[in-house]
*Asks:* 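Quick one: this structure, given as structure tokens, is what I'll be asking you about.
Below, all heavy atoms of this structure are taken into account, side chains as well, without hydrogens, waters or symmetry copies.
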Amino acid sequence: MSTPLTTTVSARSAVLSLLLGAHPPELEGREIVAAMRLFGVSESTTRAAMSRMVSAGDLVRDGGRYALSDRLARRQARTDSPVTLPWDGTWETAIVTTSGRSAGDRAELRTEMTRLRLAELREGVWMRPANLDRMLPTTVRQVTARFTARPDDDPVDLARTLWDLPEWSRHGHALLGAIADAGDDGQARFLTMVSVVRHLYRDPLLPPELRPAGWPADELTAAYADFRAWLAAMRIGRG
């Protein structure tokens, strides 16, 4: 499955996206099959994907119900943006202090830092505006020294150095256009929203003072909320 603004979506990704859009993140197997059929995936393909996902620990099965594993439930929590705070001009800074780590460990840490909405100023130096109400996990605290800093240079320029803000904004506006074009086409809407979720993962969640004009994050978040409401209504209608 794909649209001009999306990469191919596998059956596994489609099932995960369906559950990530449900609150709580669990559905009857028949609900998943019915929804996936609407999005162009056959029952046999869906059930085979669900079986593999249970074996892989992505899903937990309880009778006829399927729920996200704890690991993927935490991913849903990341999709729902962290609580933001008024920004006082300071920056959260984490400097990697351990050495001799394997390439795999370094790659895992880089992935975790990115998920935490931090960006790398130079190798081992990660920063972001201190406007998120969240604590860094133990895995990060064990290998970093953490500071609160106030840069001397223009913070707007620093944000532009850390993230490609024009590209994120451009793609976000393109996705908003794709949502409008999808209209009531369930498959096109679903595929576009999968891309919206992926894009929101990459939102640096900057304070308003650092966002470029026309920043589409709020509109994309609202569109995702509408999508989840649509999924919930579809479940009720098929219940």
*Asks:* Applying side-chain hydrogen bond (donor to acceptor under 3.5 Å, both in side chains), name anything that partners T161, two or more places apart in sequence or on another chain.
*Replies:*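 T161: no side-chain hydrogen bond (donor to acceptor under 3.5 Å, both in side chains) contacts found.
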*Asks:* Can W91 and T148 be said to form a side-chain contact (heavy atoms from CB on, under 4.5 Å), step by step?
*Replies:* CA-CA 6 Å; W91 289 67; T148 300; over 6 Å; no
*Asks:* Taking the side chain as everything from C-beta on, heavy atoms only, tell me whether L210 gets closer than 4.5 Å to P155.
*Replies:*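 Yes. Closest side-chain heavy atoms under 4.5 Å.
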*Asks:* Atom CG in D157, atom CG in L162: separation rounded to 0.5 Å?
*Replies:*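 The CG atom of D157 sits 11.0 Å away from the CG atom of L162.
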*Asks:* Just grab all the salt bridge (Lys or Arg N to Asp or Glu O under 4.0 Å) pairs involving residues 165-180, residues at least two apart or on different chains.
*Replies:*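 Pairs touching residues 165-180 that pass the test: E167-R170.
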*Asks:* Any idea which heavy atoms bring M36 and A14 closest together, and the distance?
*Replies:*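 Result for this residue pair: CE-CB, 3.6 Å.
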*Asks:* Evaluate the side-chain contact (heavy atoms from CB on, under 4.5 Å) criterion for residues V140 and L116: first the C-alpha distance (whole Å), next the side-chain angles of each, then the deciding distance (0.1 Å), finally the verdict.
*Replies:* CA-CA 10 Å; V140 172; L116 291 164; 3.9 Å; yes
*Asks:* Rounded to the nearest 0.5 Å, what separates atom CD in E31 from atom CG in L19?
*Replies:*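 Taking CD in E31 and CG in L19, the distance rounds to 9.5 Å.
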*Asks:* Supply the atom-to-atom distance L118 CG to M127 CE, rounded to the nearest 0.5 angstrom.
*Replies:*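 These two atoms lie 9.5 Å from each other.
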*Asks:* Going by heavy atoms in the side chains, are Y224 and V197 under 4.5 Å from each other?
*Replies:*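 Y224 vs V197: side chains touch.
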*Asks:* Work out which heavy atom in A67 is nearest to a heavy atom in E26; give both atom names and the distance.
*Replies:*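 Looks like CB-CB, 3.7 Å.
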*Asks:* Among side-chain atoms of T192 and S195, is any donor-acceptor pair under 3.5 angstrom?
*Replies:*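 Distance-only check fails for T192 and S195.
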*Asks:* Once you round to the nearest 0.5 Å, how far does NE2 of H171 lie from CG of L176?
*Replies:*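 These two atoms lie 10.5 Å from each other.
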*Asks:* So, for P129 and W87, which heavy atoms are closest and what is the spacing to 0.1 Å?
*Replies:*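 In this case the closest contact between P129 and W87 is CB-NE1, 3.6 Å.
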*Asks:* Would you please test S10 and S13 for side-chain hydrogen bond (donor to acceptor under 3.5 Å, both in side chains) and show each step?
*Replies:* CA-CA 5 Å; S10 66; S13 293; 3.2 Å; yes
*Asks:* R110: which residues meet the salt bridge (Lys or Arg N to Asp or Glu O under 4.0 Å) condition with it, sequence neighbours left out?
*Replies:*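 Expected list: E120.
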*Asks:* Looking only at the side chains, is there a donor atom on one of R101 and T98 sitting less than 3.5 Å from an acceptor on the other?
*Replies:*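 Judged by distance alone, the side chains do pair up.
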*Asks:* Using a 6.0 Å cut-off, check whether atom CD of E108 has over 12 heavy atoms from anything other than its own residue.
*Replies:*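 Incorrect, the count does not exceed 12.
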*Asks:* Out of curiosity, does V15 fall in the hydrophobic cluster containing V33 (side-chain heavy atoms, cut-off under 4.5 Å, transitive links)?
*Replies:*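 Per the 4.5 Å side-chain linkage, V33 and V15 are not co-clustered.
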*Asks:* Please name the pair of heavy atoms, one in E112 and one in P137, separated by the smallest distance, quoted to 0.1 Å.
*Replies:*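 Shortest heavy-atom contact: OE2-CG, 3.6 Å.
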*Asks:* Which residues satisfy the ring pair (Phe, Tyr, Trp, His ring centres under 6.0 Å) test with W215, sequence neighbours excluded?
*Replies:*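 Checked W215 against ring pair (Phe, Tyr, Trp, His ring centres under 6.0 Å); matches are W168.
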*Asks:* Is there any salt bridge (Lys or Arg N to Asp or Glu O under 4.0 Å) pair reaching into residues 133-150, and which pairs are they, with sequence neighbours excluded?
*Replies:*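 Matches after skipping sequence neighbours: E92-R134.
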*Asks:* Is there a side-chain contact between I179 and F227 (heavy atoms, below 4.5 Å)?
*Replies:*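 Side chain of I179 against side chain of F227, heavy atoms only: no contact under 4.5 Å found.
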*Asks:* Is any side-chain heavy atom of R115 closer than 4.5 Å to a side-chain heavy atom of Y201?
*Replies:*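 R115 vs Y201: side chains apart.
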*Asks:* Hey, could you give me the OG1/CH2 distance between T93 and W126, rounded to the nearest 0.5 Å?
*Replies:*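 Here the rounded value is 13.0 Å.
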*Asks:* Check whether any side-chain heavy atom of R211 sits under 4.5 Å from a side-chain heavy atom of D218, and report yes or no.
*Replies:*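 Yes, side chains in contact.
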*Asks:* Hey, does the side chain of R189 reach the backbone of A182 with a donor-acceptor pair shorter than 3.5 angstrom?
*Replies:*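 The answer is no, because no donor-acceptor pair under 3.5 Å joins these two groups.
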*Asks:* Determine whether a donor-acceptor pair (N or O, by modelled atom type, separation under 3.5 Å) exists between the side chain of T144 and the backbone of A94.
*Replies:*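 Pair absent, no side-chain N/O of T144 close to backbone of A94.
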*Asks:* Without placing hydrogens or testing angles, list every side-chain donor-acceptor pair under 3.5 Å for residues 46-56, not counting sequence neighbours.
*Replies:*
from: T46; atom 1: OG1; to: S42; atom 2: O; distance (Å): 3.0
from: R47; atom 1: NE; to: E43; atom 2: OE2; distance (Å): 3.0
from: S55; atom 1: OG; to: S51; atom 2: O; distance (Å): 3.2

*Asks:* Would you say the side-chain atoms of N131 pair up with the backbone N or O of L205, donor to acceptor, closer than 3.5 Å?
*Replies:*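 Side chain of N131 to backbone of L205, a donor-acceptor pair under 3.5 Å: yes, one is there.
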*Asks:* Give the C-alpha distance, both sets of side-chain angles, the deciding distance and a yes or no for side-chain contact (heavy atoms from CB on, under 4.5 Å) between L132 and T84.
*Replies:* CA-CA 5 Å; L132 298 184; T84 56; 3.8 Å; yes
*Asks:* Between H173 and G214 (side chain of the first, backbone of the second, donor and acceptor by atom type, cut-off under 3.5 Å), is there such a pair?
*Replies:*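 Judged by distance alone, yes, a pair lies under 3.5 Å.
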*Asks:* Could you tell me whether the side chain of R61 and the main chain of G63 form a donor-acceptor pair under 3.5 Å?
*Replies:*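 Yes; at least one donor-acceptor contact below 3.5 Å.
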*Asks:* So L206 and L165, do their side chains get closer than 4.5 Å, heavy atoms only?
*Replies:*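 In contact.
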*Asks:* As an exercise, state the distance from CG of L59 to CZ of R12, rounded to the nearest 0.5 Å.
*Replies:*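 CZ of R12 is found 8.5 Å from CG of L59.
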*Asks:* Are E209 and V156 side-chain neighbours, meaning at least one heavy-atom pair lies under 4.5 Å?
*Replies:*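 Not touching, per the 4.5 Å side-chain cut-off.
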*Asks:* Show, in sequence, the C-alpha distance, side-chain angles and deciding distance for L175 and L220, and conclude whether the side-chain contact (heavy atoms from CB on, under 4.5 Å) test is met.
*Replies:* CA-CA 8 Å; L175 287 170; L220 289 170; 4.2 Å; yes
*Asks:* Hey, are the side chains of P212 and S169 touching, using non-hydrogen atoms and a 4.5 Å cut-off?
*Replies:*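 Side-chain contact under 4.5 Å: no.
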*Asks:* Within a radius of less than 6.0 Å around CG of D154, do more than 12 heavy atoms belonging to other residues, nucleotides or ligands occur?
*Replies:*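 Yes - once you tally the heavy atoms of other residues, nucleotides and ligands closer than 6.0 Å, there are more than 12.
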